[in-house]
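Written out below as structure tokens is the structure these notes cover.
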Amino acid sequence: MKNITIIGTGYVGLVTGVGLSEFGNKVICADIDNDKILKLKAGEIPIYEPGLDEIIKRNVQNNRLLFTSDISSSIKNSEVIIIAVGTPQSDSGEADMQYVYSVVNEIKENLNGYKVICTKSTVPIGTGKKITNILKNNFKENSDFNYVSNPEFLREGSAVKDFLWPDRIIIGTSSLIAYEVMCDVYRPLYINKSPINHTSVETAEMIKYASNSFLALKISYINEIANLCELVGADVHDVAIAMGKDGRISEKFLHPGPGFGGSCFPKDLESLSSISDEHGVQMDTLTAAITANKKQKKQMCNKLENLVTSGLKDKEIAVLGLSFKANTDDVRESSSIDMINFILSKGGYVRAYDPIANNSMSNLFPNISYFQNVYEAVDKAQALIVMTEWNEFRSLDLNRIRKIMSGKFILDTRNILNMKELSSLGFVYDNIGRLKI
Ligand code: NAD
């Protein structure tokens, strides 16, 4: 059991803090956003993540989980400090590291005794070395540290499960002492022989980028196959199922869609691309995945325009699903943003509904209409677009929708609606790469 501070209480920091307290550690979740901390102290969860609520309550009650905005004291009182602040994309494509380095300086000011300094944020390869140098500079007496890179692989929407039952844990460090401390931090998993991989810092940093980029590449690949299926008369659903049965390929991440979004894939691809440029290495596969994804988002807008042949001007369009994927309130880089911008640019009106993400999207689009359920959103709409694969959209009452919509156009960018039913009800529909019925 260790005393741990997690700095940054966002999607990753909060889940990590809660997960590590569930493993028996004493955890302080620290953030500069005082409103967030006040909410957490009051028992409110600032993000939507299935299962998070009850596990937070349990660990707070057991005194293993605290929230604070007093970052310096929490650093002083912990043996392990985990950095989990954001590393968003900067205008030039690289990761914006200002939040990480501001935390590193705060750690430097508050080093006392021995600490393991661990980065969980996704950071460019070579960051560990830079952080170590900053911390070594102006080294205080009686203080010592070892550095660890411990990238995170959780997926929003199933983050709690992913954290508690990970496929692998990467501990990148040159220090055996720090490695043992981290094994202790993850002790219940270690005992269960969950695969802990001990690597160098740079290797750990690379594993994260290489993994995310590969998954993004796989999505772009199946999206392109889907687009070609439409032109050659093949069905991408059957193609993906058959491909997935090949163990070398696997069925995961073979679902065509409106282009990937979220806070990770787009920025991590751009960041790895910048790193490879810096080293004079041209990574053509990365560039292709990025370009294909941008095209896919545009392709969805073209599909809508081709479907509603009379044009979008003055038309009411229902957009179902705003988050970048199901089971999260996160709208960062969501394809819905491109779609909404497109509809507005063509003079249409957006009637938006998401089971969880209406609020997050209203920060970006305060002037479109938001509804509390599907049927209010589609009421008198000329067209309906499914943008996110929420479970509730898989079982829509299409009969009712046909009656209350004023038009008959449906664009299913997730291939979750029943084509037979759509046809029999007289909808004019489109989806991604399917043979129409
Ligand atoms: P986030 O934006 O949800 O949270 C970041 C938090 O850091 C915010 O609460 C912010 O207030 C806080 N913060 C910023 N500066 C701070 C400072 N100086 N001191 C204390 N707190 C500070 O970000 P996130 O989605 O949790 O991502 C965090 C990192 O984890 C990123 O590098 C991301 O790439 C990586 N990651 C994210 C996911 C994911 O699914 N979201 C998965 C794996 C890895």
Side-chain angles (χ1 to χ4, degrees), residues 5-19 28-40 45-50 52 67-75 81-90 94-110 118-125 127-128 131 149-163 166-170 204-205 207-213 215-216 260-272 323-334 360 363:
T5 284
I6 321 268
I7 308 183
T9 309
Y11 288 87
V12 164
L14 185 56
V15 174
T16 300
V18 174
I28 307 174
C29 284
D31 204 289
I32 38 164
D33 183 342
N34 202 33
D35 286 346
K36 197 179 255 190
I37 294 300
L38 289 176
K39 273 191 188 158
L40 284 162
I45 317 297
I47 56 170
Y48 175 79
E49 193 56 56
L52 192 58
F67 301 104
T68 187
S69 45
D70 182 355
I71 298 172
S72 20
S73 305
S74 47
I75 294 170
I81 315 294
I82 298 180
I83 304 170
V85 294
T87 47
Q89 191 181 320
S90 64
E94 299 137 26
D96 179 351
M97 294 296 290
Q98 60 168 310
Y99 308 102
V100 170
Y101 287 123
S102 137
V103 169
V104 171
N105 283 320
E106 182 117 27
I107 294 172
K108 189 172 92 179
E109 294 306 312
N110 293 287
C118 166
T119 301
K120 202 168 250 311
S121 301
T122 305
V123 293
I125 301 126
T127 300
I131 292 180
S149 166
N150 172 219
E152 183 50 56
F153 300 94
L154 61 78
R155 295 161 297 175
E156 287 177 25
S158 56
V160 173
K161 182 176 147 283
D162 290 348
F163 192 86
D167 292 333
R168 77 292 210 192
I169 295 164
I170 308 298
E205 291 168 343
I207 288 170
K208 175 65 191 173
Y209 276 116
S211 303
N212 268 9
S213 302
L215 293 173
F260 56 77
S263 68
C264 292
F265 286 176
K267 76 155 172 81
D268 290 352
L269 282 179
E270 293 285 355
S271 178
L272 187 55
S323 54
F324 81 94
K325 63 189 270 194
N327 294 321
T328 179
D329 59 346
D330 198 344
V331 300
R332 288 179 283 187
E333 300 291 324
S334 171
S360 319
N363 295 325

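In what follows, residues are counted from 1 in the order of the sequence shown. Just the heavy atoms: all of them, side chains too, but no hydrogens, waters or symmetry mates, feed the values below. Note that ligands are numbered from 1 as they come in the structure, with each ligand's atoms numbered from 1 the same way. None of these values were measured; they are calculated from a predicted model.
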Any side-chain heavy atom of [X] within less than 4.5 Å of one from [Y]?
X      : Y      : answer
Tyr11  : Leu154 : no
Pro46  : Leu14  : yes
Lys267 : Thr122 : yes
Lys325 : Phe260 : no
Asp330 : Ser263 : yes
Phe163 : Thr16  : yes
Tyr209 : Pro124 : yes

Legend entry - Ion pair check, Glu156 and Arg332, cut-off under 4.0 Å: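 Arg332 and Glu156: salt-bridged.
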
Polar-atom distance check: [X] versus ligand 1, any N or O pair below 3.5 Å?
X      : value
Thr87  : yes
Glu152 : no
Lys208 : no
Tyr99  : no
Asp268 : no

Would you mind telling me if ligand 1 is within reach of the side chain of [X], the backbone, both or neither, using heavy atoms under 4.0 Å?
X      : result
Ser121 : both
Ile47  : neither
Cys264 : side chain
Lys267 : side chain
Arg332 : side chain

Quick one: which of [options] has a heavy atom closest to [atom]?
atom                    : options                    : answer
atom 10 (C) of ligand 1 : Asp33, Asp31, Thr9         : Asp31
atom 5 (C) of ligand 1  : Cys29, Gly8, Ser102, Gly86 : Gly86
atom 44 (C) of ligand 1 : Thr122, Asn212, Leu154     : Thr122
atom 30 (O) of ligand 1 : Asn105, Thr119, Val12      : Val12

In terms of residue, atom name and distance, what is the protein heavy atom nearest to [atom]?
atom                    : answer
atom 19 (N) of ligand 1 : Ile71 CD1, 3.5 Å
atom 21 (N) of ligand 1 : Ile32 N, 3.4 Å
atom 41 (N) of ligand 1 : Glu156 OE2, 2.7 Å

Inset, instruction - For Ile131 and Thr119, run side-chain contact (heavy atoms from CB on, under 4.5 Å): C-alpha distance rounded to whole Å, both residues' side-chain angles, the deciding distance at 0.1 Å, then the answer. - result: CA-CA 9 Å; Ile131 292 180; Thr119 301; 3.7 Å; yes

Inset, instruction - Would you please say whether a donor-acceptor pair under 3.5 Å links the side chains of Ser271 and Asp268? - result: no

Per-pair distances, 0.1 Å, donor-acceptor, side chain in residues 98-107, under 3.5 Å, sequence neighbours excluded:
from	atom 1	to	atom 2	distance (Å)
Gln98	NE2	Asp96	OD2	3.1
Asn105	ND2	Tyr101	O	3.2

